[in-house]
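Encoded as structure tokens, the structure appears first; notes follow it.
Naming convention: chains lettered A, B, ... in sequence-line order (proteins, then strands); numbering from 1 in each chain. Heavy-atom basis, side chains included; hydrogens, waters and symmetry copies ignored.
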Amino acid sequence: MKYDFTAIEKKWQERWEREKCYAAVNGSEKPKYYALVEFPYPSGDGLHVGHPRPYTALDIVARKRRMQGYNVLFPMGFDAFGLPTENYAIKNHMHLHDVTKKNIARFTSQLKMLGYSFDWDRVVDTTDPDYYKWTQWIFLQLFKNGLAYKTSMPVNWCTSCKCVLANEEVVNGVCERCGSEVIRREKSQWMLAITKYAQRLIDDLDGVDFIERVKIQQKNWIGRSTGAEVDFDTTAGDKMRIFTTRPDTLFGATYMVMSPEHALLKKWAPLLKNIDEVEAYAAAAAKKSDFERTELAKEKTGVCLDGVRAVNPVTGGEIPIFISDYVLATYGTGCIMAVPGHDDRDWDFAKVFGLPIIEVVKGGNVEEAAFTDCETGIMVNSGFLNGLSVEDAKVKIIQWLKDKGIGEPKVNFKLRDWVFSRQRYWGEPIPLVWCDKCGWVPVDESELPLRLPDVESYETTDDGESPLSAMTEWVNTICPHCGGPARRETDTMPQWAGSSWYFLRYMDPHNHDALASPEALKYWGQVDWYNGGMEHTTLHLLYSRFWHKFLYDIGVVPYSEPYAKRTSHGMILGMNPHNFDNLPEEERNALVAQYGSEKAARKYLVEKYGEMANQQIVKMSKSLGNVVNPTDVVDTYGADTLRLYIMFIGDFEKAAPWSDTAVKGCKRFLDKVWNLCEAPKPGDRPAHEASLHRTVKKVGDDIEEMKFNTAIAAMMTLVNELGEGGANRAEVNVLLRLLSPFAPHICEELWEMNGFEGLCSMQPWPEYDESKMVESEKQIAVQVGGKLKTTVVVPTDATDEQMVAAALADEKIKHIGEGMELVRSIVVKNKLVNLIFKPKA
RNA sequence: GCCGGCGUGGUGGAACUGGCAGACACCCGGGACUUAAAAUCCCGUAUCCGCAAGGAUGUACGGGUUCGACCCCCGUCGCCGGCACCA
């Protein structure tokens with residue numbers, strides 16, 4: 001019989017669905033295991049070939065755990081709010097609910113086509129009012145606990161679309177949609193005080209099993225720095241408070257810099273002789289876009305205040321105060337002490353303005369560059385700090401500042417509060433009401449969900465307000481507090497809201513009284529293994545950790561970290577059709593003929609398509625036409641082949657290029673498996689026992705370490721080996737169970753054909769016996785002076801002496817050793833013998 | 001600039017904790033089967049020399065440690081990702 005994957009896959013998918021065999025059971029007696037993948041944004045394009053990589057990986061883990069006897073929760077859902085759908089609906093004059101419904105239906109059928117063992121009864125959809133009721137509820141708790149507040153801040157504003165854009169929608173300073181200029185515009189925004197959790201978000205990383213690069217990236221993003229705050233007296237009488245990470249260099253502070261927005265400037269205006277110049281500089285700085293302020297002008301500019309000077313607290317000397325836009329208003333205290341000898345930026349600034357540079361840490365040459373090393377330097381020109389190391393000097397100066405009452409240790413973070421409102425329709429309405437008398441008042445919890453009203457148009461209004469603001473009937477309401485007239489908040493939440501807690505809803509998705517019952521939350525506990533993209537490390541992953549900690553603090557969830565383990569997959573890339581080496585031979589030849597040489601042809605491609613023409617492998621994109629559609633692959637080769645190939649393609653954590661031809665190798669492998677298992681041979685072949693046990697161990701271990709590619713390679717090796725004489729029923733039985741998590745459909749079919757009991761995917765995971773893995777003889781390497789010369793076969797239990805004797809008995813070694821004396825031999829058990837000879841005296 | 005990762009055949013990639021580099025595949029070449037093609041099967045496939053036996057070279061580059069280095073150390077070059085005037 002032929003391997004008819006289309007019929008087989010349909011048959012088993014229907015049966016799994018009918019029998020609900022992958023359903024998770026709340027409160028089961030079995031040990032629980034919660035495997036999670038990031039739920040997709042159901043775009044109109046359908047599934048991309050990048051999606052199956054993480055899904056297949058964790059499906060393999062989930063299926064293995066089930067076979068190991070766990071009660072597995074492996075859910076799927078849809079993060080369906082968001083701009084692309086909204087824009088699509090606007091453009092095509094469609095209703096958002098319809099578009100979303102259609103997209104979700106398409107994603108669902110595509111996912112089912114791939115044979116994932118999701119529990120389809122637990123699907124969540126962030127746009128479902130039964131779901132966003134609880135998103136809104138969490139927001140209200142944040143508000144009630146003082147962690148949500150509204151403040152005015154600059155936002156991205158597209159001058160042509162007349163609407164607010166998220167940072168992600170601004171590409172190189174222009175609007176992603178229309179290409180027009182994006183400017184900064186002051187708008188009132190809802191903020192979430194994630195900074196209050198900064199320290200815990202760093203500290204608690206120590207207790208979770210996240211891959212290292214995720215931890216590092218989160219730590220860098222939160223950006224903790226320790227140092228001190230110090231008060232400088234000024235000739236105006238006010239104190240200037242600064243933050244520094246290098247209080248040890250206080251003796252080297254030769255000037256001060258404050259941000260152009262600093263509040264003291266207003267106060268000092270009457271004292272400043274050059275107030276016009278100062279104000280002009282501040283006005284110019286305010287007008288600069290972020291792009292201009294950071295990307296372009298790295299060269300230092302500023303204005304020296306004429307009329308107020310500061311006093312260095314250790315030297316007592318008067319030093320000038322500058323304003324400059326290299327000092328940020330939003331970090332630290334908005335002003336700094338400048339130590340040009342030991343800070344690169346201060347050094348640049350001092351060179352531009354001809355300010356004195358004093359060396360206070362010995363080790364470099366401050367005339368040529370700032371010396372910023374904290375490890376090796378010794379304090380000089382620093383009074384009572386002289387001779388100390390940087391580390392000791394920090395301790396001593398902080399104590400001194402404390403004693404004098406002019407400074408104290410301080411920790412600062414780069415992390416900013418989370419801008420939480422969008423002037424858009426397709427998001428969760430913010431359940432707050434503005435009352436002129438009572439201020440912001442929360443909607444009563446019994447009124448949740450606060451539903452999105454139907455609107456005529458989804459477009460943002462001309463003045464940049466959410467389309468909801470035009471719904472007067474919806475907007476005008478009654479204050480829940482005083483009963484007077486009030487207006488609803490018309491901003492909606494960002495896409496990150498619904499995804500910040502969705503993993504909790506999976507535990508109890510149909511609960512009407514709580515986001516999930518306390519029993520369900522306790523039973524399922526932390527997500528045991530969460531895999532997702534690196535691009536979410538400082539967004540979704542950080543946001544959801546923040547929300548979870550908050551929910552823990554108010555007693556909703558019983559543990560403070562949501563995910564026990566976090567891993568991340570690499571992207572699937574495509575061929576660049578504009579790269580010379582990727583062109584069909586005829587086109588290459590034509591180009592070479594046209595431009596005279598290969599070099600010229602390449603140059604032409606770069607001129608035509610830009611620098612990216614040099615890249616052979618690039619991100620898949622519609623405009624390049626290199627997108628691979630997973631359903632096409634399923635049609636041609638079957639879901640099992642796609643699953644296998646996407647796991648075999650390379651290191652799971654690294655980016656890998658899709659190859660249409662390489663897929664065939666996996667199809668061939670499944671054909672071999674089919675032929676091997678279709679009609680097992682009778683009898684025993686003990687020769688295969690060791691490799692069977694070794695493969696069972698290898699595949700099991702590799703799955704745990706995300707080395708899916710080598711797990712598959714090991715099974716290929718086994719099948720090649722078994723294929724030589726044919727496999728018997730016992731071998732087929734083990735092989736099918738081993739392969740089942742990777743290629744579940746074909747294994748179910750062959751399992752049934754062989755008359756084995758039940759579903760293959762519900763069988764116990766195969767076990768191995770370490771003692772049966774060793775062969776009686778082993779081939780070992782024989783080196784002479786560290787160079788491989790030959791191999792010999794020795795019994796596995798051979799002693800070191802026996803191994804050396806066997807090596808010396810080899811003809812080739814005998815030949816080499818003629819006239820030589822063996823001076824040393826190194827033996828690695830069951831691996832090699834290394835012989836060191838020297839000429840006989 | 002800072003932080004992180006990486007550099008292995010024609011290609012994707014293997015190699016445990018320092019122990020036979022190139023597993024497993026793709027491509028390619030040769031052969032079998034076929035009227036033919038596809039599919040399938042068998043053989044070969046790091047490079048160089050050699051008919052062969054065999055020998056030499058080889059994990060970006062230059063050094064070092066070691067009986068032994070893709071792996072550890074020092075330096076250089078290149079690529080990818082993130083952050084970017086955060087004091």
### Task
Taking the side chain as every heavy atom from C-beta outward, state whether A/Q218 and A/L205 have any pair of such atoms under 4.5 Å apart.
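A/Q218 reaches A/L205 side chain to side chain.
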
### Message
Hydrogens and angles aside, do A/E38 and A/H536 bring a side-chain donor and acceptor to less than 3.5 Å of each other?
### Response
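Result is yes, a qualifying pair exists.
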
### Query
Just checking, any donor-acceptor pair under 3.5 angstrom between side chains of A/D346 and A/Y326?
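Yes, side-chain donor-acceptor contact under 3.5 Å.
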
Figure out the [atom1]/[atom2] separation between [X] and [N], and round it to whole Å.
X: A/D651; N: B/C80; atom1: CG; atom2: C1'; answer: 14 Å
X: A/N720; N: B/U40; atom1: CG; atom2: C1'; answer: 15 Å
X: A/R694; N: B/A23; atom1: CZ; atom2: C1'; answer: 13 Å
X: A/I649; N: B/G12; atom1: CD1; atom2: C1'; answer: 8 Å
X: A/I712; N: B/A25; atom1: CD1; atom2: C1'; answer: 11 Å
X: A/Q217; N: B/C2; atom1: CD; atom2: C1'; answer: 14 Å
X: A/Q218; N: B/C83; atom1: CD; atom2: P; answer: 13 Å
X: A/I216; N: B/G81; atom1: CD1; atom2: P; answer: 18 Å

From [options], pick the nucleotide closest to the side chain of [X]?
X: A/V327; options: B/C24, B/C27, B/A87; answer: B/A87
X: A/L328; options: B/U57, B/A25, B/A87; answer: B/A87
X: A/K672; options: B/C26, B/C41, B/A87; answer: B/C41
X: A/T717; options: B/C24, B/C83, B/G12; answer: B/C24
X: A/M716; options: B/A25, B/A87, B/C67; answer: B/A25

Distance between [atom1] atoms of [N] and [M] (Å, rounded):
N: B/G13; M: B/C24; atom1: C1'; result: 9 Å
N: B/U40; M: B/C26; atom1: P; result: 9 Å
N: B/C49; M: B/G63; atom1: P; result: 26 Å
N: B/C28; M: B/G19; atom1: C1'; result: 33 Å
N: B/U59; M: B/A52; atom1: P; result: 25 Å
N: B/C72; M: B/G7; atom1: P; result: 11 Å
N: B/A21; M: B/G30; atom1: C1'; result: 27 Å
N: B/C71; M: B/U66; atom1: P; result: 16 Å

### Query
Which sits closer to the 5' end of RNA chain B, A/D671 or A/C335, going by the nucleotide each is nearest to?
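Going by which nucleotide is closer to the 5' end, it is A/D671.
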
### Query
Between A/G665 and A/R213, who's closer to the 5' end of RNA chain B by nearest nucleotide?
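So the residue in question is A/R213.
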
If pairing requires Watson-Crick or G-U wobble contacts with both distances under 3.5 Å, which nucleotide is the partner of [N]?
N: B/C70; result: none
N: B/C2; result: B/G82
N: B/A38; result: none
N: B/C33; result: none
N: B/A15; result: none

### Message
Would B/G9 be called syn or anti here, given the cut-off of 90° from 0?
### Response
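The base of B/G9 is oriented syn (glycosidic angle within 90° of 0).
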
Give a yes or no on whether the backbone of [Y] and the side-chain of [X] come within a donor-acceptor separation of less than 3.5 Å.
X: A/Y255; Y: A/A310; answer: no
X: A/H342; Y: A/F371; answer: yes
X: A/R566; Y: A/I211; answer: no

### Query
Charged N to carboxylate O below 4.0 Å: is that the case for A/D701 and A/K697?
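A salt bridge links A/D701 with A/K697.
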
#### Entry: Positive for side-chain contact (heavy atoms from CB on, under 4.5 Å) with A/C666, one of A/Y637, A/F742, A/F648
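The side-chain contact (heavy atoms from CB on, under 4.5 Å) with A/C666 is passed solely by A/F648 among A/Y637, A/F742, A/F648.
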
Which is true for [X] with a 4.0 Å heavy-atom rule: it touches a base, it touches only sugar-phosphate, or it touches nothing?
X: A/R416; result: base
X: A/A713; result: base
X: A/K812; result: sugar-phosphate
X: A/F413; result: nothing
X: A/A338; result: nothing
X: A/N709; result: sugar-phosphate

### Task
Would you check, one step at a time, whether the test ring-ring contact (aromatic ring centres under 6.0 Å, His included) holds for A/F322 with A/F349?
CA-CA 10 Å; A/F322 288 78; A/F349 190 89; 5.1 Å; yes

Could you pull out the protein-nucleic contacts involving nucleotides 15-20 of chain B (nitrogen or oxygen on both sides, under 3.5 Å)?
unit_1 : atom_1 : unit_2 : atom_2 : d
B/C16  : N3     : A/K831 : NZ     : 3.1
B/C16  : N4     : A/K831 : NZ     : 3.3
B/G19  : N2     : A/Q783 : OE1    : 3.3
B/C20  : N4     : A/Q779 : O      : 3.2

#### Entry: Short side-chain N/O contact to B/U66 OP1/OP2 from A/R824, under 4.0 Å
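Looking at the OP1 and OP2 atoms of B/U66, neither is under 4.0 Å from any side-chain N or O of A/R824.
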
### Query
Quick one: salt bridge (Lys or Arg N to Asp or Glu O under 4.0 Å) partners of A/E721, sequence neighbours excluded?
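By the salt bridge (Lys or Arg N to Asp or Glu O under 4.0 Å) rule, A/E721 matches no residue at all.
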
